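Before any comments, here is the structure.
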Amino acid sequence: MAEEKLTEQSKNIQYAELFDNVLDKNEQILRVIKPNKLKLFVYWFLSAFWINVWIAIVGILPFCFEEVIPWEYFLIPVGVIVLVFICTGIFAAIYYKNNYFAYTNSRILIRSGIIGIDFKSLDMRYVGALNVKVGFVDKVLKQETGTITFGSMSSPMATSKAVGYNFSHVEKPYELYKEMKQIVEEVKEKYKNVI
């Protein structure tokens, strides 16, 4: 247990510099979290699969009404499908490399991006709700993964399309949820009388 905690601290120190550009003067990173690689890649490839189903339908359906179809015509949709899967793999690898989640003594930070590095932050004082979701794919993969969503006035969770502040594909989501809930409550208590 102590060895695991030491490893966690060394990872935090190692990854903390990734957030140096957005840290405030007295802000300290408490924990840095990397998403589960398998879950992230499966998510991306499942999305690509559904795109490819539509490409196959649109690309092959017109030929179903022809009597004689040269086999070369099928190479176009097949080539596009293969290209979509290749691009998905490349983009997923770049996204995984750049994707980190962190929380500090005052904010939630999300680092991501494919072409460039993007940062999103949410002040913990304004977190109104935390939700944890373990979906079908999470259960099938048996990786103990899930998504934690943070709701605030600027990013409410009232709709199913809420994509504002998510720690996606994280391991041990229920433990992380409890940890985050406690930290958020501590920060809110600290700033309770501050306007």
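Predicted model only: the values in this text are computed from it and were never measured.
Atom OG1 of T104 is separated from atom CG of N26 by 11.5 Å, given to the nearest 0.5 angstrom. Interatomic distance, L176 CG to I183 CD1, rounded to the nearest 0.5 Å: 10.5 Å. Atom OG1 of T88 and atom CG of N52 lie 7.0 Å apart (nearest 0.5 Å). If you take CG on L30 and OG on S106, they are separated by 9.0 Å, rounding to the nearest 0.5 Å. Between M124 atom CE and E186 atom CD the span is 9.5 Å, to the nearest 0.5 Å.
When all heavy atoms are compared, the tightest approach of P35 to L40 is CG-CD1, 4.2 Å. Taking each heavy atom of V132 and I148 in turn, the nearest pair found is CG2-CG1, 4.2 Å. Closest of all the heavy-atom pairs between K188 and G128 is NZ-CA, 4.2 Å.
Cluster membership for L46 and V84, using ILVMFWY side-chain heavy atoms within less than 4.5 angstrom, is not shared. I117 and L18 fall within the same hydrophobic cluster, where Ile, Leu, Val, Met, Phe, Trp and Tyr residues are linked whenever their side-chain heavy atoms come under 4.5 Å apart, directly or through other members. In the hydrophobic cluster analysis, where Ile, Leu, Val, Met, Phe, Trp and Tyr join through side-chain heavy atoms closer than 4.5 angstrom, V134 is grouped together with M180. The hydrophobic cluster containing F91 also contains I81, counting ILVMFWY residues as joined when their side-chain heavy atoms lie under 4.5 angstrom apart, directly or transitively. Note on L141 and V170: separate hydrophobic clusters, where clusters join Ile, Leu, Val, Met, Phe, Trp and Tyr whose side-chain heavy atoms are under 4.5 Å apart, directly or indirectly.
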Legend entry - Derivation and outcome, side-chain hydrogen bond (donor to acceptor under 3.5 Å, both in side chains), residues N36 and E171: CA-CA 6 Å; N36 180 282; E171 295 176 355; 2.9 Å; yes

Inset, instruction - Go through the steps for W44 and Y96 under the test ring-ring contact (aromatic ring centres under 6.0 Å, His included), then give the verdict. - result: CA-CA 11 Å; W44 276 66; Y96 176 77; over 10 Å; no

Legend entry - Test log, rule side-chain hydrogen bond (donor to acceptor under 3.5 Å, both in side chains), inputs N99 and S112: CA-CA 4 Å; N99 193 214; S112 63; 4.7 Å; no

Legend entry - salt bridge (charged side-chain N to carboxylate O under 4.0 Å, His left out) assessment of E185 paired with K181: CA-CA 6 Å; E185 287 172 3; K181 191 168 172 52; 3.6 Å; yes

Legend entry - Criterion side-chain contact (heavy atoms from CB on, under 4.5 Å) on V42 and K39, from CA distance to verdict: CA-CA 5 Å; V42 167; K39 169 63 191 332; 5.5 Å; no

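Residue F45 qualifies as enclosed at atom CZ: its count of foreign heavy atoms under 6.0 Å is above 12. Few gaps surround CD1 on I57; more than 12 heavy atoms of other groups in view lie less than 6.0 Å from it. Heavy atoms of other residues, nucleotides or ligands lying less than 6.0 angstrom from CZ of F19 number more than 12. Summarising the local packing, CD of E144 is surrounded by 12 or fewer heavy atoms from other residues, nucleotides or ligands at distances under 6.0 Å.
A donor-acceptor contact under 3.5 angstrom links the side chains of D138 and T145, judged on distance only.
Among Y100, F150, Y177, the single residue meeting the ring-ring contact (aromatic ring centres under 6.0 Å, His included) criterion with F167 is F150. For the ring-ring contact (aromatic ring centres under 6.0 Å, His included) criterion with H169, the lone passing option out of F41, F101, Y95, Y43 is Y43.
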